[in-house]
Amino acid sequence: MTSYRGDEDGGDASRTRILDAIRALPAGSVAGYGHIARRAGLPGRARLVAWVLRHNADPALPWHRVLRSDGRIAFAPDTAGFREQVRRLRAEGVVVTRGRVRMPAAETPLDLALWGPPDAAS
DNA sequence: ATTTTGACGACCC
DNA sequence: TGGGTCGCCAAAA
(Lines give C-alpha, C1' and ligand atoms only; values in the text may rest on other atoms or scores of the structure.)
Protein backbone atom coordinates (compact mmCIF):
# COMPACT_ATOMS: atom_id res chain seq x y z
CA MET A 1 0.00 0.00 0.00
CA THR A 2 1.88 2.76 -1.11
CA SER A 3 -0.63 4.97 0.48
CA TYR A 4 -2.99 6.60 -1.85
CA ARG A 5 -6.56 6.71 -2.97
CA GLY A 6 -8.13 3.41 -2.21
CA ASP A 7 -9.63 2.97 -5.64
CA GLU A 8 -6.22 3.23 -7.22
CA ASP A 9 -4.37 -0.03 -7.72
CA GLY A 10 -1.37 1.99 -8.68
CA GLY A 11 -0.66 -0.14 -11.70
CA ASP A 12 0.76 -2.56 -9.25
CA ALA A 13 -2.37 -4.66 -9.34
CA SER A 14 -2.49 -4.35 -13.09
CA ARG A 15 0.99 -5.74 -13.29
CA THR A 16 0.01 -8.65 -11.08
CA ARG A 17 -3.08 -9.39 -13.12
CA ILE A 18 -1.07 -9.38 -16.32
CA LEU A 19 1.51 -11.76 -14.92
CA ASP A 20 -1.35 -13.88 -13.67
CA ALA A 21 -2.94 -14.08 -17.09
CA ILE A 22 0.36 -15.10 -18.62
CA ARG A 23 0.95 -17.76 -16.01
CA ALA A 24 -2.49 -19.16 -16.85
CA LEU A 25 -1.44 -19.90 -20.42
CA PRO A 26 -1.45 -23.67 -20.93
CA ALA A 27 1.81 -25.14 -22.17
CA GLY A 28 1.85 -25.48 -25.92
CA SER A 29 -0.58 -22.61 -26.41
CA VAL A 30 0.07 -19.02 -27.39
CA ALA A 31 -1.65 -15.67 -27.02
CA GLY A 32 -1.22 -12.11 -28.22
CA TYR A 33 -0.27 -9.19 -26.00
CA GLY A 34 -3.68 -7.68 -26.49
CA HIS A 35 -5.28 -10.96 -25.64
CA ILE A 36 -3.44 -11.08 -22.35
CA ALA A 37 -4.27 -7.49 -21.54
CA ARG A 38 -7.89 -8.27 -22.19
CA ARG A 39 -7.78 -11.34 -19.97
CA ALA A 40 -6.21 -9.17 -17.28
CA GLY A 41 -9.12 -6.78 -17.45
CA LEU A 42 -7.08 -4.12 -19.22
CA PRO A 43 -8.46 -3.82 -22.74
CA GLY A 44 -6.24 -1.83 -25.05
CA ARG A 45 -3.21 -2.03 -22.81
CA ALA A 46 -1.21 -4.41 -24.99
CA ARG A 47 1.80 -2.15 -24.64
CA LEU A 48 1.52 -2.30 -20.91
CA VAL A 49 1.82 -6.07 -21.16
CA ALA A 50 4.97 -5.58 -23.21
CA TRP A 51 6.32 -3.20 -20.60
CA VAL A 52 5.63 -5.68 -17.81
CA LEU A 53 7.35 -8.48 -19.71
CA ARG A 54 10.33 -6.30 -20.36
CA HIS A 55 10.62 -5.60 -16.65
CA ASN A 56 9.86 -9.14 -15.61
CA ALA A 57 12.45 -11.02 -13.58
CA ASP A 58 10.54 -14.20 -12.85
CA PRO A 59 12.26 -17.07 -14.69
CA ALA A 60 9.22 -19.27 -14.17
CA LEU A 61 7.01 -16.96 -16.21
CA PRO A 62 6.01 -18.54 -19.55
CA TRP A 63 6.70 -15.31 -21.41
CA HIS A 64 7.56 -17.24 -24.56
CA ARG A 65 3.86 -18.02 -25.05
CA VAL A 66 3.14 -14.36 -25.65
CA LEU A 67 3.37 -13.26 -29.27
CA ARG A 68 2.15 -10.40 -31.38
CA SER A 69 -1.45 -10.47 -32.51
CA ASP A 70 -0.39 -11.70 -35.95
CA GLY A 71 1.38 -14.68 -34.41
CA ARG A 72 4.78 -13.16 -34.97
CA ILE A 73 7.49 -13.17 -32.32
CA ALA A 74 7.93 -9.71 -30.87
CA PHE A 75 11.73 -9.77 -30.86
CA ALA A 76 13.84 -8.96 -33.88
CA PRO A 77 14.90 -12.11 -35.76
CA ASP A 78 18.58 -11.53 -35.05
CA THR A 79 18.34 -11.28 -31.30
CA ALA A 80 19.05 -13.81 -28.58
CA GLY A 81 15.57 -13.31 -27.18
CA PHE A 82 14.07 -14.30 -30.49
CA ARG A 83 16.05 -17.50 -30.72
CA GLU A 84 15.32 -18.31 -27.09
CA GLN A 85 11.60 -17.87 -27.61
CA VAL A 86 11.56 -20.05 -30.70
CA ARG A 87 13.51 -22.67 -28.82
CA ARG A 88 11.11 -22.69 -25.89
CA LEU A 89 8.02 -22.76 -28.07
CA ARG A 90 9.28 -25.66 -30.14
CA ALA A 91 10.14 -27.46 -26.91
CA GLU A 92 6.43 -27.34 -26.15
CA GLY A 93 5.44 -28.67 -29.53
CA VAL A 94 4.47 -25.31 -31.01
CA VAL A 95 5.13 -25.04 -34.72
CA VAL A 96 7.23 -21.97 -35.47
CA THR A 97 7.82 -21.04 -39.10
CA ARG A 98 9.95 -18.09 -40.06
CA GLY A 99 9.64 -16.67 -36.55
CA ARG A 100 5.93 -16.93 -36.70
CA VAL A 101 3.25 -19.10 -35.18
CA ARG A 102 -0.18 -20.14 -36.40
CA MET A 103 -2.42 -18.06 -34.10
CA PRO A 104 -5.67 -19.61 -32.84
CA ALA A 105 -8.68 -18.16 -34.69
CA ALA A 106 -9.52 -16.32 -31.49
CA GLU A 107 -10.80 -18.61 -28.82
CA THR A 108 -10.31 -22.26 -29.52
CA PRO A 109 -12.89 -24.54 -27.93
CA LEU A 110 -10.13 -25.76 -25.70
CA ASP A 111 -9.38 -22.27 -24.50
CA LEU A 112 -13.01 -21.66 -23.73
CA ALA A 113 -13.11 -24.85 -21.73
CA LEU A 114 -10.03 -23.86 -19.78
CA TRP A 115 -10.51 -20.12 -19.54
CA GLY A 116 -14.24 -19.71 -19.76
CA PRO A 117 -15.95 -16.76 -21.44
CA PRO A 118 -13.91 -13.54 -21.87
CA ASP A 119 -15.84 -11.69 -19.19
CA ALA A 120 -15.82 -14.20 -16.41
CA ALA A 121 -12.56 -12.87 -15.05
CA SER A 122 -11.22 -15.69 -13.01
C1' DA B 1 6.08 19.96 -19.66
C1' DT B 2 7.23 18.06 -24.37
C1' DT B 3 9.29 14.47 -27.23
C1' DT B 4 10.87 9.95 -28.13
C1' DT B 5 10.69 5.10 -27.59
C1' DG B 6 8.92 0.46 -27.17
C1' DA B 7 8.72 -7.60 -26.31
C1' DC B 8 1.56 -3.65 -29.44
C1' DG B 9 -2.87 -3.56 -32.38
C1' DA B 10 -6.56 -2.42 -35.75
C1' DC B 11 -7.00 -0.72 -40.48
C1' DC B 12 -6.13 0.07 -45.20
C1' DC B 13 -4.14 -0.83 -49.67
C1' DT C 1 1.41 -11.80 -47.20
C1' DG C 2 3.61 -7.43 -46.80
C1' DG C 3 4.19 -2.57 -45.96
C1' DG C 4 2.66 1.94 -44.07
C1' DT C 5 -0.53 4.84 -40.88
C1' DC C 6 -2.61 6.06 -36.75
C1' DG C 7 -4.07 5.21 -32.04
C1' DC C 8 -2.71 3.69 -27.42
C1' DC C 9 -0.27 3.63 -22.75
C1' DA C 10 3.60 4.19 -19.61
C1' DA C 11 8.52 5.20 -19.05
C1' DA C 12 12.70 7.57 -19.99
C1' DA C 13 15.20 11.44 -21.89
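Chain letters run A, B, ... following the sequence lines, proteins first, then strands; residues in each count from 1.
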Would A:L67 and A:R72 satisfy side-chain contact (heavy atoms from CB on, under 4.5 Å), going step by step from the backbone distance to the final call?
CA-CA 6 Å; A:L67 321 172; A:R72 220 175 213 212; over 6 Å; no
Stepwise, does the side-chain contact (heavy atoms from CB on, under 4.5 Å) test hold for A:N56 with A:I22?
CA-CA 12 Å; A:N56 164 63; A:I22 296 176; over 6 Å; no
Acceptor/donor pairs from residues 78-85 of chain A side chains to any protein atom, 3.5 angstrom cut, sequence neighbours excluded:
from, atom 1, to, atom 2, distance (Å)
A:T79, OG1, A:A76, O, 2.7
A:T79, OG1, A:F82, N, 3.2
A:E84, OE1, A:R87, NE, 3.4
A:E84, OE2, A:R87, NH2, 3.3
A:E84, OE2, A:R88, NE, 3.1
A:Q85, NE2, A:H64, O, 3.0
A:Q85, NE2, A:V66, O, 3.1

Quick check: do A:L42 and A:L48 have side-chain heavy atoms less than 4.5 Å from each other?
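They are in contact (side-chain heavy atoms under 4.5 Å apart), so the answer is yes.
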Beyond-backbone contact of A:L61 with A:R23, side-chain heavy atoms, under 4.5 angstrom:
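SC-SC contact between A:L61 and A:R23 confirmed.
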Once rounded to the nearest 0.5 Å, what's the spacing between atom CZ of A:R102 and atom OG1 of A:T97?
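One finds 9.0 Å between CZ of A:R102 and OG1 of A:T97.
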Straight-line distance of A:R65 CZ to A:E92 CD, nearest 0.5 Å
4.0 Å
Please list, in 5' to 3' order, the outermost nucleotides of DNA chain B lying under 4.0 Å from any heavy atom of chain A.
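The contact span of chain A on DNA chain B goes from B:dG6 to B:dA10.
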With sugar-phosphate taken as primed atoms, P, OP1 and OP2 and all else as base, the protein-contact string of nucleotides 2-13 of chain C at under 4.0 Å (heavy atoms; B, S, -) is S----BBBSS--
